[in-house]
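Some notes on the structure that comes next.
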Amino acid sequence: MKLINLLISGCCLATAPGLVAQELNCTVEVNTQQVQGQETTFEALREGINEYMNSTKFSSAQFSPNEKIECRLYLTVAEYTDDKVKGDIQIQSSRPVYNSSYTSTLLNFKDTKVEFEYRPNQQMVFSENTMEDNLTALLNYYAYLILALDFDSFSSRGGQPYYERLQNIVQMAQSSGEIGWKTYDDNRNRAAVLAALTEPNTQVIRDLIYDYHRRGLDEMSVAPDKGRATITKALPALEQIREKAPMSVVLTMWHDAKLDELINVYSKGSQSERDEVYKLLSDLYPTDQARLADIKNPPETR
């Protein structure tokens, strides 16, 4: 894939013939194993979410069909009573790596505080400036989070307009009293995720996202050692975050999105490089010593 095609998904371009505005290619799944019956209702819900995520224009950025952001929304329904759905959402997104067929995970997050009202064949209406209901607020939040992280990965802090929209969504949702939006109520809820990505103590994660993907992984396709060295230099940002906010949700988010990938990134690194990264990550994630051992001693070298 040409570089310009990658940059389109991370930069706002002027409208041009042949481009379309919708940004996401979202796979939607709904798991109803914990509830009985209502198959028609939940299939309508899945179809409605799918239509909303894949047809709503969330931004002014222009994407052609092959440049849409690949993402996945997996809703698990734990309870459905009196038109109220309770459960959790697993949300994932990825971006392509320059000059390769590889895609890198940007987001792999589980939201366990999901509640919304849904009636069969309920219409989902997009509004940027009002909160129509908690379901569309949830979908808008994750659409903009996907966009913010993707844009950050292609240009330095390029996702700023989408963080501002996220802030607007969180403020409106907090006024509604719905679960999962309150500041300080939970260090892993939606307000906490936004705060961790934007507050001074922890927003350095955004610089890491850019350095890791644009200056690291993309560079590795043509100069593996140079790209990997950039990643090695960027990773201490995680230590900075831990020192200032040891319980920050972004440390968990980075772990869930990147740990396995980092093992692969350093499989061909020098021993000194592997030792450095192993020490950093093992201090950050002490319960993952067994997995991280593959950075220090890749299986093929044993």
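Taking a cutoff of 4.0 Å between a charged side-chain nitrogen and a carboxylate oxygen, D218 and R95 qualify as a salt bridge. D152 has no carboxylate O lying under 4.0 Å from a charged side-chain N of R157, or vice versa, which leaves the two without a salt bridge. A salt bridge does not link D275 with K279: none of the charged nitrogens is closer than 4.0 Å to a carboxylate oxygen. Contact check on D260 versus R291 returns a salt bridge, with a Lys/Arg side-chain nitrogen under 4.0 Å from an Asp/Glu carboxylate oxygen. In summary, R72 and E29 engage in a salt bridge, as defined by a charged side-chain N under 4.0 Å from a carboxylate O.
The cluster map of Ile, Leu, Val, Met, Phe, Trp and Tyr, joined by side-chain heavy atoms under 4.5 Å apart, puts L166 and M131 in different clusters. M247 and M253 sit in two unconnected hydrophobic clusters of ILVMFWY residues. Membership requires side-chain heavy atoms under 4.5 Å apart, directly or through other members. Using a 4.5 Å cut-off between side-chain heavy atoms of Ile, Leu, Val, Met, Phe, Trp and Tyr, with links allowed through other members, Y74 and L149 fall into different hydrophobic clusters. Residues V125 and L139 are members of separate hydrophobic clusters, defined by side-chain heavy-atom contacts under 4.5 angstrom among Ile, Leu, Val, Met, Phe, Trp and Tyr. Under a hydrophobic clustering in which Ile, Leu, Val, Met, Phe, Trp and Tyr are joined whenever their side-chain heavy atoms come within less than 4.5 Å, directly or via other members, I263 and W254 fall into the same cluster.
Summarising the geometry of S94 relative to D150, their closest heavy-atom pair is O-OD1, 4.4 Å, with the distance given to 0.1 Å. Residues Y118 and V85 share a closest heavy-atom pair of CB-CG2, 4.2 Å. Summarising the geometry of A61 relative to Y162, their closest heavy-atom pair is CB-OH, 4.2 Å, with the distance given to 0.1 Å. Shortest non-hydrogen contact noted between I231 and Y266 is CG2-OH, 3.4 Å. Closest heavy-atom contact between S104 and E261: OG-OE2, 2.8 Å. Of all the heavy atoms in V28 and N50, the pair that sits closest is CG2-CA, 3.7 Å.
A distance of 9.0 Å separates CG of N189 from OG1 of T112, quoted to the nearest 0.5 Å. Q240 contributes atom CD, which lies 7.0 Å from atom CD of E243 (distance to the nearest 0.5 angstrom). Here CE of M220 is found 8.0 Å from CG of D225. Values are rounded to the nearest 0.5 Å. Distance check, rounded to the nearest 0.5 Å: CG of L24 to CG of L147 gives 5.5 Å. Here D88 contributes atom CG and D111 contributes atom CG; the two are 8.0 Å apart, rounded to the nearest 0.5 Å. T103 contributes atom OG1, which lies 10.0 Å from atom CG of L106 (distance to the nearest 0.5 angstrom).
Between F109 and Y142, the ring planes lie tilted relative to each other; the angle falls in the 30° to 60° range. Taking the six-membered ring for Trp and thresholds of 30 and 60 degrees, F42 and Y80 have ring planes more than 60 degrees apart, a perpendicular arrangement. Under the 30°/60° scheme for interplanar angles, the aromatic rings of Y144 and F58 are found to stand perpendicular.
A side-chain donor-acceptor contact under 3.5 Å links N54 to the backbone of C26. With S127 contributing its side chain and T130 its backbone, the two residues share a donor-acceptor pair below 3.5 Å.
A side-chain donor-acceptor contact under 3.5 Å links E23 and S59. No hydrogens or angles considered: a donor-acceptor pair under 3.5 Å links the side chains of N108 and Q90.
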- In sequence, state the C-alpha distance, the side-chain angles, and the governing distance for K110 and I89, and then conclude on side chain to side chain contact (heavy atoms under 4.5 Å, CB included). CA-CA 6 Å; K110 188 172 186 178; I89 286 176; over 6 Å; no
side-chain hydrogen bond (donor to acceptor under 3.5 Å, both in side chains) between Q22 and S55, worked out: CA-CA 6 Å; Q22 212 286 325; S55 65; over 6 Å; no
query = Are R228 and K268 close enough, and set up right, to give a side chain to side chain contact (heavy atoms under 4.5 Å, CB included), and what steps lead you there?
reply = CA-CA 9 Å; R228 189 168 51 247; K268 303 298 182 183; 4.2 Å; yes
Worked check of side-chain hydrogen bond (donor to acceptor under 3.5 Å, both in side chains) between E70 and S93: CA-CA 6 Å; E70 296 292 332; S93 71; over 6 Å; no
**Q.** Verdict with supporting geometry, Y52 and N140, side-chain hydrogen bond (donor to acceptor under 3.5 Å, both in side chains)
**A.** CA-CA 9 Å; Y52 190 89; N140 293 347; 2.6 Å; yes
Test side-chain hydrogen bond (donor to acceptor under 3.5 Å, both in side chains) applied to E67 and S64, step by step
CA-CA 5 Å; E67 292 155 353; S64 64; 2.7 Å; yes
Open item on the list: Under the criterion side chain to side chain contact (heavy atoms under 4.5 Å, CB included), I'd like the reasoning laid out for R190 against L138: C-alpha separation, chi angles, the key distance, then a yes or no.
Closed with: CA-CA 9 Å; R190 294 176 287 279; L138 283 163; 3.4 Å; yes
Might you work through the side chain to side chain contact (heavy atoms under 4.5 Å, CB included) test for N31 and V77, ending with a clear yes or no? CA-CA 6 Å; N31 182 332; V77 180; over 6 Å; no
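Sorted by first and then second residue, the ring pair (Phe, Tyr, Trp, His ring centres under 6.0 Å) pairs involving residues 226-250 (not counting sequence neighbours) form an empty list.
In this structure, Y210 stands alone, with no Ile, Leu, Val, Met, Phe, Trp or Tyr side-chain heavy atom under 4.5 Å from its own, directly or through other members.
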